[in-house]
Amino acid sequence: MINRVLSGITPSGSALHIGNYFGAVKPQVELQEKIDETFYFIADLHALTTVQDKGELEKNIVAVVLDYLSLGLDPEKSIFFRQSDVPEHSQLAVVLANFVSLGHMKRMHAFKDKLQKGEKPDSINMGLFNYPILMAADILLYKPDGVPVGEDQRQHIEITRDIAEKFNKVVKQEVLRLPEPVISKEVGKVVGTDGERKMSKSLGNVIGIFEDEEIIKKQIMSCFTDPNRKKVTDPGKVEGNPVFIYHDLINDDKGEVEDLKNRYRDGRVGDVEVKERLFEAHKRLFEPARKRRKKLEEDMELVKRVLAEGAEKAKKVARETLEEVYEAIGIKNSLSVK
Ligand code: TYM
């Protein structure tokens with residue numbers, strides 16, 4: 001039985017894309033209605049692995065906060081905060097680093113991906129290398145039952161469980177709770193517009209949500225389809241075709257989607273029409289959120305208040321866990337200042 005969940009998002013790019021939305025934000029927003037306690041946060045300390053420009057970092061953080069709130073995150077129902085406002089995240093990470101081996105850390109995807117891209121191990125920044133430890137701290141502080149994320153985060157939750165297990169074993173107490181990943185089979189990994197890799201900010205294969213309409217249209221129109229189809233009259237493949245994957249996710253007019261699929265299979269519709277319909281469906285789906293975002297942009301005081309209140313609530317829970325950890329491992333002792 002899941003009663004409490006926690007999840008985060010890194011403000012490493014300027015805005016969310018539909019992969020983030022369907023893989024993470026939408027299920028997270030739905031959980032607000034279903035379970036007692038939902039904690040969602042903006043992982044600004046994690047962003048430092050790639051964003052080290054003050055102005056850009058602030059712009060990214062503001063954008064992600066506005067995106068989340070516009071897409072339905074309700075601060076009355078969820079505890080919504082910024083990671084750096086709760087210093088316990090960094091404090092717990094320092095302790096947890098002692099409960100994972102170098103060998104285990106070297107097997108983590110983010111590190112291995114960099115090596116694959118030709119980066120030398122000696123030049124990889126330690127923030128990136130240590131990322132999974134900070135993420136374990138993010139999670140374990142709140143003792144959640146579940147962590148709703150996309151498939152790419154599964155390995156991070158596994159290492160979080162390993163670290164918690166090791167810590168509990170050493171202190172011979174069940175201080176930390178082992179969390180379960182909550183990952184959707186259908187939308188845990190939304191493919192990018194290149195039709196090959198996961199949709200990702202860093203790969204530039206995204207469809208945005210809040211960008212100007214011309215940009216979104218361009219992203220949709222340049223989307224990869226069936227490479228074997230040369231002419232409109234050639235029968236096309238629907239399964240695995242990213243344009244139809246997006247139609248299934250975005251288009252509320254299921255009759256239209258079925259009709260487009262049938263005509264595509266028979267060679268009776270061109271890619272341009274399929275994409276234009278997708279663009280229209282995108283506008284229909286995200287228009288309310290886009291309107292809400294415009295309003296929120298005018299009320300940054302409200303946004304600041306939401307984050308301040310969220311941090312205060314989060315801190316209470318986080319502080320309690322950190323105290324338990326300090327006590328169990330001996331950092332809190334007879335010499336501690338009260
Ligand atoms: P981030 O910011 O890369 O992504 C945020 C969320 O979006 C999901 N996601 C996707 N889901 C489906 N298809 C895709 N193409 C896709 N791209 C992204 C991610 O899986 C994620 O759920 N390390 C995390 C942030 C984080 C965190 C945490 C999450 C920091 N601490 C603690 C949970 C708990 C990250 O960088 O996500």
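As the structure lists them, so they are numbered: ligands from 1, and atoms in each ligand from 1. Heavy atoms only: backbone and side chains are in, while hydrogens, waters and symmetry mates are out.
Checked against side chain to side chain donor-acceptor pair (under 3.5 Å), Lys304 has the following partners two or more places apart in sequence or in another chain: Glu301. For Ser70, there are no side chain to side chain donor-acceptor pair (under 3.5 Å) partners at least two apart in sequence or on another chain. Legend: residues meeting side chain to side chain donor-acceptor pair (under 3.5 Å) with Ser78, ordered by chain and number and at least two apart, are Gln32, Thr38.
For the side chain to side chain donor-acceptor pair (under 3.5 Å) with Arg177, the qualifying choice from Asn168, Thr321, Asp145 is Asp145, the only one to do so.
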Report each N/O pair between ligand 1 and the protein that falls under 3.5 Å, naming both atoms.
unit_1   : atom_1 : unit_2 : atom_2 : d
ligand 1 : 2 (O)  : Thr10  : N      : 2.9
ligand 1 : 7 (O)  : Asn20  : ND2    : 3.1
ligand 1 : 11 (N) : Gly19  : O      : 3.3
ligand 1 : 13 (N) : Val190 : N      : 2.8
ligand 1 : 15 (N) : Val190 : O      : 3.0
ligand 1 : 15 (N) : Met199 : N      : 3.4
ligand 1 : 15 (N) : Met199 : O      : 2.9
ligand 1 : 20 (O) : Gly150 : N      : 2.8
ligand 1 : 20 (O) : Asp152 : OD1    : 2.4
ligand 1 : 22 (O) : Gly150 : N      : 3.2
ligand 1 : 23 (N) : Tyr131 : OH     : 2.6
ligand 1 : 23 (N) : Gln153 : OE1    : 3.0
ligand 1 : 31 (N) : Asp138 : OD2    : 2.7
ligand 1 : 36 (O) : Thr10  : OG1    : 2.8
ligand 1 : 36 (O) : Tyr131 : OH     : 2.8

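Although no hydrogens or angles enter the test, the distance criterion places no donor-acceptor pair under 3.5 Å between the side chain of Glu56 and the main chain of Lys54.
For Phe80 and Tyr40, the ring centers are positioned 6.0 Å apart or more.
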